[in-house]
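Read through the structure below, which is laid out as structure tokens, and then see the notes.
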Amino acid sequence: MVPAESEHTGDGAVETQEQQQGGGSPVATDGEHLVDLYKKMVLIRTFEEATQRGFRQGKIGGYLHVYIGQEAVATGFLDAYKDGDKVITAYRDHPHVLLLGSDPKAVMAELYGKGTGLVKGKGGSMHLFDVENGFMGGYGIVGGHIPLGVGFAYAQRYEETDNITQLYLGDGSISNGAFHEAVNLSGLWGKDGMNPCLFIIENNQYGMGTSVERTTAMTDLAAKFNAYGVENEKVDGMDVEAVLEVAHRAADRVRETGKPYAVEALTYRTAPHGAADFFEKYRTKDEIKQWRERDPIGQLEHRLIERDVIDEDGIEEIKNEMKETMKEVVRFAEESEEPPLEELYTDVYTGGGVYTGEEG
Amino acid sequence: MVPAESEHTGDGAVETQEQQQGGGSPVATDGEHLVDLYKKMVLIRTFEEATQRGFRQGKIGGYLHVYIGQEAVATGFLDAYKDGDKVITAYRDHPHVLLLGSDPKAVMAELYGKGTGLVKGKGGSMHLFDVENGFMGGYGIVGGHIPLGVGFAYAQRYEETDNITQLYLGDGSISNGAFHEAVNLSGLWGKDGMNPCLFIIENNQYGMGTSVERTTAMTDLAAKFNAYGVENEKVDGMDVEAVLEVAHRAADRVRETGKPYAVEALTYRTAPHGAADFFEKYRTKDEIKQWRERDPIGQLEHRLIERDVIDEDGIEEIKNEMKETMKEVVRFAEESEEPPLEELYTDVYTGGGVYTGEEG
Amino acid sequence: MPEMTYREALRAGMAEEMERDEKVLLMGEDIGVYGGTHLITDGFLDRFGKKRVIDTPIAEGGFTGAAIGMAMMGLKPVVEMMTWNFSFLAADQIIQNAAKVRYFSGGQVEVPLVIRGPNGGGVQLSAQHTHSLENMYGHFPGLKVVSPVTPNDAKGMMLTAIRDPNPVIFLEAGALYGTKGEVPEGDNAVEFGKARVAREGTDVTLISYGRQVNLCLRVAEKLEEEDDVSAEVIDLRSLRPFDSETIVESVKKTHRAVAVQEQWRWFGVASEVASIIQEQAFDYLDAPVVRVSGAEVPAPYARNLELAAFPSEDAVAKAARQVLYQEVSA
Amino acid sequence: MPEMTYREALRAGMAEEMERDEKVLLMGEDIGVYGGTHLITDGFLDRFGKKRVIDTPIAEGGFTGAAIGMAMMGLKPVVEMMTWNFSFLAADQIIQNAAKVRYFSGGQVEVPLVIRGPNGGGVQLSAQHTHSLENMYGHFPGLKVVSPVTPNDAKGMMLTAIRDPNPVIFLEAGALYGTKGEVPEGDNAVEFGKARVAREGTDVTLISYGRQVNLCLRVAEKLEEEDDVSAEVIDLRSLRPFDSETIVESVKKTHRAVAVQEQWRWFGVASEVASIIQEQAFDYLDAPVVRVSGAEVPAPYARNLELAAFPSEDAVAKAARQVLYQEVSA
Ligand SMILES: Cc1ncc(C[n+]2csc(CCOP(=O)(O)OP(=O)(O)O)c2C)c(N)n1
Ligand SMILES: Cc1ncc(C[n+]2csc(CCOP(=O)(O)OP(=O)(O)O)c2C)c(N)n1
Ligand SMILES: [Mg+2]
Ligand SMILES: [Mg+2]
């Protein structure tokens with residue numbers, strides 16, 4: 001698993017490709033937009049690094065899965081988000097909710113298990129939720145969220161909206177039966193224009209310690225969607241401009257047709273699987289190093305400077321600003337109170353009820 | 001769903017095709033062999049018709065699924081069975097066990113819920129078993145048996161035999177997650193030669209009342225195996241000679257390589273789904289009629305006569321003989337005793353034990 | 001009052017809610033074109049159209065999960081589990097998502113979902129097609145689990161289930177689809193969490209649910225006739241929420257109880273019933289609560305074995321006599 | 001006697017059986033190259049090779065089913081369920097095939113299979129990753145279900161599980177992998193179906209299993225010190241088969257019992273325990289059996305909430321005092 005040659009290495013490559021493909025929607029790749037995306041990726045990176053510290057300090061419990069190295073994927077795709085769209089993913093969910101506009105303080109406080117947390121301290125890292133902003137949750141059972149997303153998409157057309165669902169899934173989830181059943185339903189319902197679901201495979205090449213080629217004899221993950229009549233393509237997930245182009249084109253298409261579409265983004269987590277994945281026996285230092293060289297933030301930084309959109313000082317400034325923000329964020333999380341004990345018994349049933357058997 | 005044009009309609013077509021393909025193993029298509037296969041198909045048909053009568057008379061309970069119209073599939077494939085091979089299927093399992101040599105009396109007695117039944121009256125129509133003869137069972141949960149068969153195949157290579165597993169599955173099971181997970185494992189293990197599993201899709205075009213195109217947007221069922229790196233092909237499942245050719249070639253190949261292979265046999269059940277499927281609203285009389293014209297028994301009969309292998313009297317004789325046999329079979333089933341009540345509590349655990357809680 | 005079958009009652013409940021509320025839709029295997037394996041949804045496809053009556057492939061986990069997703073979006077899916085035996089394939093979706101997503105989202109979503117279908121055995125379907133799963137699903141906070149036995153409750157609880165903003169596991173007495181009973185016209189919604197006194201009595205309480213309630217009623221008649229014993233029969237109807245009060249009150253009156261279930265004994269509903277009674281009516285109990293359960297074996301096919309595997313009138317009568325000290329304990 | 005951790009004990013049990021019997025093989029997610037998420041199988045791949053130590057994709061139903069197939073062929077697979085929370089995806093295979101195929105084949109096959117992995121919560125994994133499934137699996141005839149808590153039992157029951165020709169659900173106390181205890185050298189196979197008296201006492205019986213046994217032992221100390229009460233602590237160890245005799249004998253001596261479980265109350269193990277005791281020791285009971293269970297909510301993430309969701313020393317002590325009539329009942 002060494003990085004494939006990027007199709008978008010040089011300056012302007014994106015524009016060229018767009019022209020070639022005659023791409024549907026206008027993807028703003030002007031400087032301002034790119035700087036904005038850059039800031040978002042830095043936000044995610046800085047946030048994730050702070051969570052890693054929090055975990056090592058024992059302030060964050062349970063599992064913690066960070067998105068370091070993969071930033072370009074969610075950042076690019078969520079650029080195509082429109083009001084009323086829905087987004088769902090697994091447990092590696094911090095970036096999605098941040099990109100959709102959740103307050104980083106509330107997200108961090110959630111990880112710290114505080115009452116000010118995004119879901120009141122009930123879910124933790126794996127179960128972020130922000131329905132107002134379109135984020136329909138992070139889920140912990142690999143593959144288990146895929147059917148839900150297909151259901152969202154059906155409901156979007158049932159209600160006759162032109163919204164779509166962005167459904168993120170890991171390479172590891174593809175071997176799971178839930179993937180098969182749900183994507184098949186999506187393809188089937190799509191025949192009637194009843195499933196505007198954009199599947200985004202975050203192929204970081206490993207499910208925990210298992211590489212894709214140790215999970216299946218047919219490793220072209222995008223092509224797996226052929227079995228369900230779902231059109232698909234691949235994109236270099238380390239290159240935010242490339243992602244951006246596909247994201248808008250694919251989202252528009254799904255929105256128009258009500259049919260699903262799948263994009264496999266080839267990416268890499270340069271961090272361990274979870275904060276407790278110490279040894280990483282399943283991959284070499286060298287492999288990690290090679291991928292680090294293609295770091296999505298580094299790549300964009302380089303391009304922005306080369307294109308004179310921003311200079312090194314400007315970059316420094318963004319990073320420093322983000323660090324300052326993150327200090328605030330962490331302070332907020334640390335200083336917040338634990339959830340009140342009564343919260344243990346709320347939100348079990350709508351309308352109340354706990355059924356301890358001691359009511360009667 | 002009208003019948004596709006058969007590729008093997010004329011005399012000698014099979015031989016020709018074999019020659020063209022340079023087919024591996026010698027498939028005996030001499031007259032004697034064909035007559036033998038014919039007899040087997042008539043056995044199945046006659047048996048199934050007797051079970052339908054038994055069901056209508058209330059002597060057979062539970063569910064009853066017959067193989068009428070599909071006889072060529074199991075008959076052709078099991079011709080490639082070798083000692084030590086294993087066979088597994090779903091609940092439409094009468095033909096498989098009969099073809100492997102189980103005593104029709106014991107099979108019928110099982111359906112009649114008698115102590116002389118193949119599994120002592122415990123399983124009924126859906127759960128026939130004859131381990132001695134390689135039949136590892138009929139199963140009632142659609143798709144649920146597929147992982148088991150993949151496990152058999154692994155064990156066959158673990159034990160370093162050259163046996164294979166014939167795994168039969170319905171078109172309806174393909175949408176199920178168990179199919180996906182198990183076939184993927186098979187493809188993966190096959191890379192190391194550890195999965196001699198021959199998948200045989202009995203595509204009778206309906207899962208209960210749901211046609212294949214109402215279950216998936218991509219209706220080429222053989223091609224679904226591409227997603228798992230499992231090579232595959234299709235065969236006209238109404239033509240026993242065509243099936244025979246593929247069966248031997250595929251079985252040999254699986255036996256040699258330890259890799260799985262899949263064959264989609266296009267067939268049709270001219271009978272209802274189960275004995276309680278009264279209305280058949282999901283298909284037209286006309287469609288059934290068209291397929292009846294391609295009845296596998298009728299087709300072979302026609303060819304045998306045309307090729308002068310047998311004459312009409314010979315055919316009559318076989319059918320009459322089978323009817324007589326079946327009378328015996330039914331008489332045996334009717335006259336057998338119910339299982340003794342103690343049988344209720346045996347076979348729960350190896351080594352005994354029921355754990356009623358009243359032992360202690 | 002008009003009579004209808006259990007099947008018609010379910011159908012009426014669903015159809016009325018579908019008429020009333022556009023958000024209600026149906027999903028399941030062969031519920032549309034085929035008319036439903038048990039003919040519960042016969043005619044619905046023509047009446048409500050393909051968008052609201054969805055025939056699915058055989059993918060219990062997938063379509064149940066999709067229904068949960070729809071429910072999270074505010075639709076009200078009613079999923080047919082062709083039989084509950086197939087629900088093990090959807091167990092992850094039901095238990096991990098439907099039951100919990102409200103909680104782990106901090107209350108941001110709700111799951112107004114009904115999953116319905118026949119539960120229990122009795123027609124020789126043998127091991128893989130014979131389960132009573134009320135204890136399994138009833139164990140998990142976030143779910144509601146109900147089990148109507150009369151046509152009145154079949155319709156009334158269906159109305160309540162569809163209107164409930166929480167996921168409801170609706171266990172139908174499959175063996176009773178054809179049985180008739182009175183069902184009032186109009187809205188007969190039946191509140192969850194209230195047991196039904198199916199027969200009043202003073203000497204012993206027989207506690208059950210699902211088709212075993214009918215068995216208990218027959219035994220009660222028999223006890224009346226043969227032993228001059230007055231048995232009270234309680235139909236739990238709802239397993240989660242559970243109505244402890246009604247059974248405790250009854251036992252305080254009768255001082256003796258038998259809990260009857262079709263399911264296996266271990267960790268079953270009857271164990272919970274016995275537990276609650278000894279906890280809350282300890283000083284009133286004149287004999288230990290006796291449980292009558294299915295035989296501890298996978299369901300056999302042969303008719304005689306199957307009959308022996310389920311609670312019988314004799315077994316229940318014997319248990320009643322045992323708690324009445326008319327019969328020596330085993 | 002040598003000491004080892006619970007983790008080492010499991011590892012020793014598996015390794016010894018693998019050395020002894022070539023039919024034993026391991027399967028699961030990340031058990032090979034990665035060394036096992038909980039490091040139970042660390043080093044096994046190098047030692048036993050790829051054929052016997054199979055890393056699987058994330059397909060719990062598929063690989064569990066394949067293992068059942070292997071077992072039907074005479075192999076002895078030991079499947080790691082990375083955590084039991086993922087087993088809902090394999091529930092159909094476990095319940096419909098592993099538990100029943102012997103029966104519905106009329107005894108023609110057996111299923112010498114072990115499925116093992118951590119069960120229960122305690123480390124803030126929240127709703128989807130915190131379950132105690134002993135009652136769920138214990139309900140089904142055809143399965144055996146065990147739950148060792150000491151390193152000695154972890155190894156001894158692992159030996160027994162692998163040698164057992166039946167499918168065994170092996171529920172490890174995940175929170176205790178690092179705890180130490182004495183384990184004799186050599187074959188210490190522990191018979192299934194025998195509870196262990198973890199502490200002798202005369203005044204009240206605390207009945208539990210899994211990591212809650214340690215809680216009960218701490219409470220017993222506390223009761224001794226603070227109330228001069230002598231509590232007997234019973235570790236059930238095996239839920240199916242179940243040792244009624246040991247608990248009944250104990251209660252006949254102490255006349256009072258508390259059943260403690262991490263799992264939810266409804267239809268849980270404690271309900272069965274209470275049920276059995278009232279059935280078989282009715283005349284010896286001086287107070288109703290009290291159950292202490294997990295809070296009836298999906299597991300929360302925040303540390304304070306999680307602690308409040310599990311049985312605490314206080315809750316168990318309170319229950320003990322309640323059955324001793326030292327505290328007024330709730
Ligand atoms: C059904 C299930 N099985 C196993 C696990 C344990 N587990 C958590 S993450 C993970 C790997 C998933 O890999 P992938 O889908 O590629 O996502 P990534 O972590 O790479 O983002 C596994 C096996 C789980 N959570 N759910
Ligand atoms: C998991 C599951 N869901 C539903 C059923 C009910 N059911 C029994 S047979 C059947 C149709 C299966 O169709 P197919 O696989 O094509 O086999 P065929 O009956 O055509 O031989 C269905 C839905 C079942 N047995 N198992
Ligand atoms: Mg991955
Ligand atoms: Mg079919």
Side-chain angles (χ1 to χ4, degrees), chain B residues 60-63 91 110-115 117 119-127 139-144 170 172-179 207-212 214-216 273-274 276-277 279-283 338-341 343-348 353-358, chain C residues 28-39 42 45 50 54-63 65 82-83 85-90 92-93 121-130 264-266 271 291 293-309 329-330:
Chain B
I60 294 176
Y63 291 146
Y91 46 82
E110 183 59 38
L111 273 53
Y112 276 64
K114 299 302 177 71
V119 297
K120 309 188 224 168
K122 287 184 174 179
S125 165
M126 297 192 286
H127 302 305
Y139 295 79
I141 302 303
V142 170
S173 72
I174 300 232
S175 305
N176 198 275
F179 165 85
M208 205 166 273
T210 305
S211 61
V212 171
R214 293 201 291 114
T215 68
T216 182
H273 163 73
D277 170 14
F279 308 115
E280 303 193 37
K281 288 192 234 169
Y282 51 87
R283 59 184 188 178
E338 288 187 323
L341 278 182
E343 276 295 336
L344 181 60
Y345 294 105
T346 60
D347 304 323
V348 183
V354 180
Y355 314 149
T356 58
E358 276 147 37
Chain C
E29 292 157 13
D30 284 316
I31 62 166
V33 174
Y34 192 94
T37 325
H38 312 284
L39 298 178
D42 201 22
L45 178 62
K50 188 174 163 175
I54 308 173
D55 271 328
T56 65
I58 308 170
E60 282 77 5
F63 67 72
M82 191 184 282
T83 79
N85 306 290
F86 312 142
S87 73
F88 297 117
L89 291 159
D92 180 69
Q93 289 298 330
V123 286
Q124 283 187 266
L125 296 181
S126 74
Q128 292 190 316
H129 283 75
T130 306
W264 293 298
R265 170 201 144 152
W266 294 95
S271 307
R291 295 172 286 168
S293 310
E296 290 294 322
V297 306
Y301 165 69
R303 190 68 189 144
N304 66 327
L305 298 185
E306 188 189 46
L307 282 172
S329 109

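Owing to the predicted nature of the structure, the values given are computational and were not obtained by experimental measurement. Labels below follow one simple rule: chain letters A, B, ... track the order of the sequence lines, proteins then strands, and each chain is numbered from 1.
- Between chain C and the residues B/L111, B/I174, B/T346, B/V119, the largest count of heavy-atom pairs under 4.5 Å involves B/L111.
- Between chain C and the options B/A178, B/G124, B/S125, B/S173, the largest number of non-hydrogen pairs under 4.5 Å is found for B/G124.
- Using a 4.5 Å cut-off between heavy atoms, B/D347 does not touch chain C at all.
- Between C/A302 and B/P339 the shortest heavy-atom distance is CB-CG, 3.6 Å.
- For the residue pair B/H127 and C/S126, the shortest heavy atom distance occurs at CD2-OG, 3.3 Å.
- Heavy atoms only, all atoms of each residue included: C/E296 and B/T356 are closest at CG-CA, 3.8 Å.
- For a residue to count as touching a neighbouring chain, one of its non-hydrogen atoms must lie under 4.5 Å from one of that chain's; by this rule B/Y139 touches chain C with backbone and side chain alike.
- Using modelled atom types, one side-chain atom of C/Y301 and one backbone atom of B/G61 make a donor-acceptor pair closer than 3.5 Å.
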>> With side-chain contact (heavy atoms from CB on, under 4.5 Å) as the criterion, how do B/K281 and C/D42 come out once you've worked through the C-alpha distance, each side chain's angles and the decisive distance to 0.1 Å?
In response: CA-CA 11 Å; B/K281 288 192 234 169; C/D42 201 22; 2.7 Å; yes
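- No side-chain heavy atom of B/Y282 sits under 4.5 Å from any side-chain heavy atom of C/D30.
- In terms of heavy-atom pairs under 4.5 Å with chain B, the best-connected choice from C/N304, C/V297, C/L89 is C/N304.
- Between B/T216 and C/P57 there is no side-chain heavy-atom pair separated by less than 4.5 Å.
- Taking the ring centroids of C/H129 and B/Y63, they lie under the 6.0 Å cut-off.
- Heavy atoms of C/T37 lying under 4.5 Å from chain B belong exclusively to its side chain.
- Contact count versus chain C (heavy atoms, under 4.5 Å) is highest, among B/L341, B/D277, B/L344, B/N176, for B/L344.
- Note that CD1 of B/I141 is 11.0 Å distant from CD1 of C/I58, once rounded to the nearest 0.5 Å.
- With a threshold of 4.5 angstrom between heavy atoms, C/V123 approaches chain B through N, CA, C or O but not through any side-chain atom.
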